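Computed from heavy atoms alone, side chains included, the values below leave out hydrogens, waters and symmetry copies. Bear in mind the structure is a predicted one, so any value in this text is a computation, not a measurement.
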Amino acid sequence: MPKDNMNGSAVSSSQANGKIHQNGSAKHNQKFDVNSLPPQKSVVIAYILWLFGGILGLHHIYLRRDRHAFVWWCTLGGYFGIGWLCEIFAIPGYVRDANEDPRFIEEFVKKLQHFKKPPYSGKRFVGEVMIGYLFGQLFEMAIPQTEFLGIDFTILHWLIPVFVALGVWTVGNIGREKGVLWHCLLAALAAYPVRYFIYDETYTLLISALASALVFDHYSKEWLRTPPKRRGAMERSLKFTGALCIYFSIWGCFLFFNGTISDEDGNEVPIHEAFQNFLASAWWTDIAQALKDTYNYAQHHGWYETWKEIFESMDVDGERNAYKVLGVSATASQSEITSAYRRLSKEFHPDKVKDESQRAAANQRFIEIQQAYSVLSKIKSSRRRKNTKSVEDDPIVL
């Protein structure tokens, strides 16, 4: 490729930026210009985000490297922090790339002049294979191993190469390199039938990921000569959140269809069966009925009155429970409360219990009686003070 064309394509953003400054008054009303320099990123902030949220790729999100951040989310920082630690010296370069720094542009142009396509990178190739293998293995685990609702889902195994190719393609398109998906997909599909000759799915996934990564590196990979398109925060958030939702939903399918839990006898029960049993349990039926009753009450009395009823039923001050402990009604006077307290205190005093096995229960009951009396006495006293103050504040009517 001619040298002039390579220089022009790589630094077009910087040259255009100079024109914008010269004609700034004519374009003052434009809110956004794709040729303007991006907001400058800070190395210090990038390192802070790397230190405190790097395992989840926060520094990559800050530097607009969303694919890199997504990979870090899926692998907890590059397979449990290994990739995260290796980035300690790479962050300044990431920042220069995000800022379209002249120094970075100069180095990038030299690479374009020297290499027709991106050279082989062992780190990137290993990343492609590992993420391709991870995505393929995750989808394989999510496929129901037994019939569910009378449907056999084993045919979905032929979608495993799609996820392998997606993993390879995602890593291959990080940074200033790019490539198409269909090359990876064809290679993964071509390699996947080895599962009929090698009965270990681990080797099948590995061979598929290797084939996909090799084809991507040799036939698809090329330079991303122009700066990545600067998308808005909303668009980036939607895409990133959508990708995470798909990723975690596959994990959810694995747990729901193929996960198991142990019952009290040590027997393993599939989670989807346990979930169905839970929905049929009396505990859940009571909760569902309570929610239904609450909704019906709100329809007739309004949500404000419903919230008041819920708040009162929570018994935040312990008054209702105190009445129950002392065995008196809510209209009981202070003398009735005191009488019940004295009677129960004598009855459940730990010193009167001779049986050692019952003394702990009696002591707990005695403490509950003491606390209930204290709660009610405090509430009654507070109300008397409020009533007295209200009477004193009432104006004298002549």
**Student:** So that I know where these two stand, are Y192 and H157 an aromatic pair - ring centroids less than 6.0 Å apart?
**Tutor:** no
**Student:** Rounded at 0.5 Å granularity, tell me how far CG in L210 sits from CZ in F125.
**Tutor:** 5.5 Å
**Student:** Quick check: closest heavy atoms across E268 and T260, and the distance to 0.1 Å?
**Tutor:** OE1-OG1, 3.7 Å
**Student:** Other residues, nucleotides and ligands only: do more than 12 of their heavy atoms fall within 6.0 Å of CZ on F148?
**Tutor:** yes
**Student:** Looking at K117, R176, K178, K116, which one forms a salt bridge (charged side-chain N to carboxylate O under 4.0 Å, His left out) with E222?
**Tutor:** K178
**Student:** Which pair of non-hydrogen atoms, one from A165 and one from L181, has the smallest distance, and what is that distance?
**Tutor:** O-CD1, 3.8 Å
**Student:** Please answer: with hydrophobic residues joined when any side-chain heavy atoms are less than 4.5 Å apart, are F256 and W251 in the same cluster?
**Tutor:** yes
**Student:** Take atom OH in Y295; do more than 12 heavy atoms of anything else shown fall under 6.0 Å from it?
**Tutor:** no
**Student:** Compare all side-chain heavy atoms of V71 with those of I131 and state whether any distance is below 4.5 angstrom.
**Tutor:** yes
**Student:** For a side-chain hydrogen bond (donor to acceptor under 3.5 Å, both in side chains) check, start with the C-alpha distance between Q289 and D293, then their side-chain angles and the critical distance, and finish with the verdict.
**Tutor:** CA-CA 6 Å; Q289 185 62 44; D293 293 341; 2.9 Å; yes
**Student:** With a 3.5 Å distance limit and no angle check, can you tell me whether D97 reaches the backbone of G93 through a side-chain donor-acceptor pair?
**Tutor:** no
**Student:** Could you tell me whether Y219 atom OH has more than 12 heavy atoms of other residues or ligands within 6.0 Å of it?
**Tutor:** no
**Student:** Examine F135 and V162 and state if one hydrophobic cluster contains both, with Ile, Leu, Val, Met, Phe, Trp and Tyr joined whenever side-chain heavy atoms are less than 4.5 Å apart.
**Tutor:** yes
**Student:** Please check: side-chain N/O of T294 versus main-chain N/O of A290, any donor-acceptor pairing under 3.5 Å?
**Tutor:** yes
**Student:** Just to verify, what does K41 make a salt bridge (charged side-chain N to carboxylate O under 4.0 Å, His left out) with, not counting sequence neighbours?
**Tutor:** none
**Student:** Under the side-chain hydrogen bond (donor to acceptor under 3.5 Å, both in side chains) criterion, do H59 and E87 qualify, and how do the steps go?
**Tutor:** CA-CA 11 Å; H59 57 303; E87 285 184 323; 2.8 Å; yes
**Student:** Please report the closest heavy-atom contact between A209 and G132, naming both atoms and the distance.
**Tutor:** CB-C, 4.3 Å
**Student:** Within a reach of under 6.0 Å around CG of L291, are more than 12 heavy atoms found that belong to other residues, nucleotides or ligands?
**Tutor:** yes
**Student:** Quick one: sort the H68 and W72 rings into parallel, tilted or perpendicular, breaks at 30° and 60°.
**Tutor:** perpendicular
**Student:** When you measure from the side chain of S281 to the backbone N and O of F278, does any donor-acceptor pair fall under 3.5 Å?
**Tutor:** yes
**Student:** With a 4.0 Å cut-off on N to O distance, would you call K239 and E235 a salt bridge?
**Tutor:** yes
**Student:** Look at the side chain of S381 and the backbone N and O of S377, then say whether any donor-acceptor pair between them is shorter than 3.5 Å.
**Tutor:** no
**Student:** Would you name the heavy atoms of Y47 and I88 that are closest together and state the gap between them?
**Tutor:** OH-O, 2.5 Å
**Student:** Give a yes or no on this: more than 12 heavy atoms of other residues, nucleotides or ligands lie within 6.0 Å of atom CZ of R342.
**Tutor:** no
**Student:** Can you name the nearest heavy-atom pair linking L49 to Y62, along with the distance?
**Tutor:** CD1-CB, 3.4 Å
**Student:** Any side-chain heavy-atom pair from F104 and V95 closer than 4.5 angstrom?
**Tutor:** no
**Student:** Main chain of I61, side chain of R236: is a donor-acceptor contact present, judged purely on distance under 3.5 Å?
**Tutor:** yes
**Student:** Is the distance between the ring centroids of W223 and F115 under 6.0 Å?
**Tutor:** no
**Student:** Under a 3.5 Å distance rule, please check whether Y79 uses its side chain to pair with a backbone N or O of M130 as donor and acceptor.
**Tutor:** yes
**Student:** When you check the gap from the basic side-chain N to the acidic O, do E128 and R124 get nearer than 4.0 Å?
**Tutor:** no
**Student:** Report the C-alpha distance between R103 and E107 in whole Å, list the side-chain angles of each, state the deciding distance to 0.1 Å, and finish with yes or no for salt bridge (Lys or Arg N to Asp or Glu O under 4.0 Å).
**Tutor:** CA-CA 6 Å; R103 176 182 170 186; E107 294 175 354; 3.7 Å; yes
**Student:** For the residue pair E319 and L376, establish whether any side-chain heavy-atom pair is separated by less than 4.5 Å.
**Tutor:** yes
**Student:** Using a 3.5 Å distance criterion without hydrogens, assess whether the side chain of H114 forms a donor-acceptor pair with backbone atoms of K110.
**Tutor:** no
**Student:** Check whether any side-chain heavy atom of V171 lies under 4.5 Å from a side-chain heavy atom of V129, and answer yes or no.
**Tutor:** no
**Student:** Please report the shortest heavy-atom distance between L134 and T75, naming the atom on each side.
**Tutor:** CD2-CG2, 3.8 Å
**Student:** Per the side-chain hydrogen bond (donor to acceptor under 3.5 Å, both in side chains) rule, what does the pair list look like for residues 206-217, sequence neighbours excluded?
**Tutor:** none
**Student:** Using the rule given for side-chain contact (heavy atoms from CB on, under 4.5 Å), can you reason through F52 versus L58, listing the C-alpha separation, both sets of side-chain angles and the distance that settles it, and then say yes or no?
**Tutor:** CA-CA 8 Å; F52 294 103; L58 294 186; over 6 Å; no
**Student:** Would you say F163 ends up clustered with L214 if hydrophobic residues are merged whenever their side chains have heavy atoms under 4.5 Å apart, either directly or through other cluster members?
**Tutor:** yes
**Student:** Would a distance-only check, ignoring hydrogens and angles, find a side-chain to backbone donor-acceptor pair under 3.5 Å from Y247 to C74?
**Tutor:** yes
**Student:** For Y120, I'd like to know if atom OH has over 12 heavy atoms of other residues, nucleotides or ligands within 6.0 Å.
**Tutor:** yes
**Student:** Can you confirm whether T338 sits close enough to Y373 that some side-chain heavy atom of one is under 4.5 Å from a side-chain heavy atom of the other?
**Tutor:** yes
**Student:** Consider only side-chain heavy atoms of I, L, V, M, F, W and Y, link residues closer than 4.5 Å, and tell whether I367 and F348 are in one cluster.
**Tutor:** no
**Student:** Decide whether Y203 and L189 are clustered together by the hydrophobic rule: side chain heavy atoms of Ile, Leu, Val, Met, Phe, Trp, Tyr closer than 4.5 Å, transitively.
**Tutor:** no
**Student:** Check for a donor-acceptor pair, side chain of W84 on one end and backbone N or O of G57 on the other, with a separation under 3.5 Å.
**Tutor:** no
**Student:** To the nearest 0.5 Å, how far apart are CD1 in I246 and CZ in F70?
**Tutor:** 8.0 Å
**Student:** Under 6.0 Å from the NE2 atom of H349, do we count more than 12 heavy atoms belonging to anything else shown?
**Tutor:** yes
**Student:** State whether the side chain of N99 and the backbone N or O of D101 hold a donor-acceptor pair below 3.5 Å, judged by distance alone.
**Tutor:** no
**Student:** Are side-chain heavy atoms of V269 and F275 found at a separation under 4.5 Å?
**Tutor:** no
**Student:** Answer yes or no: are there more than 12 heavy-atom neighbours, outside F248 itself, under 6.0 Å from its atom CZ?
**Tutor:** yes
**Student:** When the ring planes of F240 and W73 are compared, do they come out parallel, tilted or perpendicular, using 30° and 60° as the limits?
**Tutor:** perpendicular
